[in-house]
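Structure first, commentary second.
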Amino acid sequence: MPDNAAAIPTSGNLGRVLARRERRFAAALLAPAFLALLATTTFPLLFLVGTSTFRMDLAMPFADGFVGFENYRTLLADDRFWSSLLVSLIYTGSTVVLQVALGLALALLVMDMKRGQGWFRVIAILPVVLSPAVVGMIWRTFMLAPEFGIVDYLAINAGLGSKNWLGDPLLAMVSVIVIHTWQWTPFAFMVLLASLASLPEDIYEAARLDRASAWQRFRRITLPLLRPAIVMVVIMRTMVALTAFAAIFTVTGGGPGTATEILNLYAYRKSFTELSIGYGSALAVALLVVTILISGVLFALRRAK
Amino acid sequence: MSGRGQVRFDGIVKMHGEFAALKGVTFDIEPGEFFALLGPSGSGKSTTLRILAGLDAPSAGRVFIDGQDITAADACDRDIAMVFQSYALYPHMTVYENIAFPLEMAKMSKAEIAPAVREAARKVAIEHLLERKPGQLSGGQQQRCALARAIVRKARLFLLDEPLSNLDAKLRLETRTELKKLQRSLGVTAVYVTHDQEEAMTLADRMAVFMAGEIQQIGRPADVFAKPNSIDVAAFIGSPPMNLIPARYKDGGVEIAGRRLETGLKEAGERNVVAGIRPGAVRIAAGGIPAVVELVEDLGDTAILDLDCSGISIRARVSDGDVPSEGAALSITARPADIHLFDATTRRRL
Ligand SMILES: Nc1ncnc2c1ncn2[C@@H]1O[C@H](COP(=O)(O)OP(=O)(O)OP(=O)(O)O)[C@@H](O)[C@H]1O
Ligand SMILES: [Mg+2]
């Protein structure tokens with residue numbers, strides 16, 4: 001072999017050089033986004049955890065100082081924490097179940113529509129693009145206002161009489177659940193419709209010839225094949241519902257009393273209404289832990305067959 | 001089981017918008033018959049099968065099974081098993097579950113299902129794959145799985161849409177034999193779609209030749225082969241295809257490349273015809289049409305000769321013993337009975 005052959009990398013060598021070059025390029029592309037993410041999420045998160053170990057009371061600044069786990073000990077004994085956690089879980093569980101069930105039903109319905117599918121999709125997506133705060137305002141004024149709100153008007157006409165939709169603890173809870181469901185069902189609908197449309201048609205024909213009824217086709221074919229999409233929707237919606245804020249804040253502000261006070265809202269009230277920043281931070285960290293735990297369980301479920 | 005699975009197609013038309021996929025198809029299938037639908041790609045074979053299965057509704061015409069008008073009946077209620085051209089296996093179920101599915105739907109007990117599934121899988125030689133998912137199978141294995149799913153249930157009608165197209169030559173032959181035996185032993189009516197004329201010839205009791213949405217000819221394979229009733233059928237059936245030579249007919253003979261060959265037709269007069277001679281019927285004998293061998297394709301036991309007869313190309317099949325070499329000059333002829341005559345304008349058999 002002539003001398004200059006040494007300068008040319010062998011094929012295995014070349015592959016490694018190219019791979020290294022590619023990795024360096026990828027790292028360069030990633031760096032800005034990574035730094036921005038670090039600055040906007042990781043750093044505040046660490047700061048939050050740090051704050052939660054301090055007593056930081058803007059109303060009584062003289063008592064501030066490092067307290068270690070004191071805030072967490074208080075939290076575990078705090079009835080309002082446990083009740084807000086319960087409200088969070090009820091809110092999350094019911095909205096997610098409703099979104100998936102309604103979204104799936106709508107998707108199945110629309111799949112069978114011969115025409116008008118496109119229009120339906122456009123109309124259905126509208127609530128999703130609204131800000132939750134705007135949605136909250138719309139519902140509070142336009143839908144639920146006594147006498148004049150559409151829902152109340154319908155209730156009166158249906159002979160149920162005017163209800164205090166946001167003043168009664170149970171009705172208020174139902175209302176915020178309905179509002180969240182109303183806004184986010186279209187998301188589940190769109191995802192499930194897309195994955196429904198991707199299912200091959202011929203296996204349904206085969207199932208018909210195998211004499212499976214419509215219900216059996218749904219149970220034995222559609223549901224198992226949609227499972228990954230459903231689990232994905234459940235995971236995404238659970239995380240969002242656990243940390244929901246704006247809609248409830250604008251509609252009930254957590255009230256009446258603490259009837260619709262989800263954990264997020266309690267942390268907010270503690271921090272910015274009662275100005276107990278240290279304890280508020282501990283509540284926020286608790287919410288983070290709960291969210292991580294639940295999504296961990298969901299991801300494990302997704303992996304299990 | 002005889003008396004079950006009689007089919008009648010009555011003037012079936014299928015339109016896709018302006019396009020007519022089927023233009024009035026009529027045929028009868030006797031109970032227990034193995035009936036093949038043969039035709040080139042896009043001729044409407046699958047469409048016919050889907051209408052029979054109840055997966056598509058015809059635009060006009062009626063379908064009868066066992067004397068009953070089932071044109072409007074749902075696929076669920078027809079008691080028909082089908083092998084799809086696309087296999088249509090349930091992707092989330094194992095092979096075992098796929099084959100068991102029709103039995104489960106028929107409310108059979110688990111104890112009855114297991115042996116039936118194994119038996120069906122054994123018949124198509126996939127009993128070692130029962131735990132796999134369809135995505136982990138080769139095309140041919142998927143096809144056999146689809147076949148097993150169809151035969152596991154004793155339906156009154158058995159529809160197969162090119163069920164062997166993806167198997168290798170050896171497996172295709174084996175499965176073909178197995179299929180024929182199976183159909184015989186069950187006595188079930190089978191409708192078999194294929195574009196492979198050899199498959200139709202060997203399997204079918206009768207066959208219908210489709211062309212462009214119409215049936216050209218129905219009959220026993222041997223009869224269709226012996227007496228194709230149009231130029232299109234003649235060109236489609238037989239391998240290598242029949243030589244079709246434009247010629248002049250005169251008083252019982254045709255003139256090809258300046259030589260006269262006697263034909264079976266005894267009719268006075270003169271007209272333009274297309275003479276059809278199967279490659280196997282071409283004889284090398286003195287005193288016939290002079291020809292030059294352009295190419296020899298040796299197939300082992302036989303050889304195909306591409307001949308040039310003063311501008312007309314003719315293919316001949318000769319057996320191994322006397323294969324002429326390329327460039328050799330010879331003379332060919334054919335027996336009167338082996339010359340098929342078709343009208344040059346109507347393309348029908350004379
Ligand atoms: N949904 C449809 N819309 C328009 N044309 C269609 C539709 N389905 C089938 N066709 C046409 O109908 C004709 C017959 O189709 P078919 O599937 O019956 O063919 P085939 O004989 O089974 O062919 P192959 O051997 O390729 O499977 C084809 O020309 C096809 O293009
Ligand atoms: Mg087809």
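Remember, it's a predicted structure, so these values are computed and weren't measured experimentally. All values below were derived from every heavy atom in this structure, side-chain atoms included, with hydrogens, water molecules and symmetry-related copies excluded. Residue numbering restarts at 1 for every chain, and letters A, B, ... go by the order of the sequence lines.
Along residues 191-206 of chain A, the residues that come nearer than 4.5 angstrom to chain B, judged on non-hydrogen atoms, are A:Asp202, A:Ile203, A:Glu205, A:Ala206 in order of number. For residues 120-132 of chain B, an interface with chain A (any heavy-atom pair closer than 4.5 Å) does not exist. The interface of residues 215-223 of chain A with chain B, defined by heavy-atom distances below 4.5 Å, comprises A:Gln216, A:Arg217, A:Arg220, A:Ile221.
With a 6.0 Å radius and a threshold of 12 heavy atoms from other residues, nucleotides or ligands, B:Glu119 has its CD atom above the threshold. Sparse packing is recorded around CE of A:Met236, with 12 or fewer heavy atoms of other residues, nucleotides or ligands lying under 6.0 Å away.
Contact check for B:Glu104 versus A:Asp210: no side-chain heavy atoms found under the 4.5 Å cut-off.
Only the side chain of B:Asp74 comes within less than 4.5 Å of a heavy atom of chain A; its backbone N, CA, C and O stay farther away. Contact annotation for B:Glu97: neither backbone nor side-chain heavy atoms come within less than 4.5 Å of a heavy atom of chain A. Interface remark: B:Arg78 contributes no atoms to any contact with chain A (heavy atom separation under 4.5 Å). Looking at B:Leu89, only its backbone comes within 4.5 Å of chain A, counting heavy atoms on both sides. If you measure heavy-atom distances from B:Ala75 to chain A, the contacts under 4.5 Å come from both the backbone and the side chain.
Residues B:His92 and A:Pro224 share a closest heavy-atom pair of CD2-CB, 3.4 Å.
In this structure, A:Leu209 CG and B:Arg50 CZ are separated by 9.0 Å, a value rounded to the nearest 0.5 Å. Atoms CG and CZ, from B:Leu55 and A:Arg208 in turn, are 5.5 Å apart once rounded to the nearest 0.5 Å.
Among B:Ala150, B:Ala88, B:Pro91, the residue with the largest count of heavy-atom pairs under 4.5 Å with chain A is B:Ala88.
Among residues two or more places apart in sequence or in another chain, the side-chain hydrogen bond (donor to acceptor under 3.5 Å, both in side chains) test is passed with B:Ser165 by B:Gln143.
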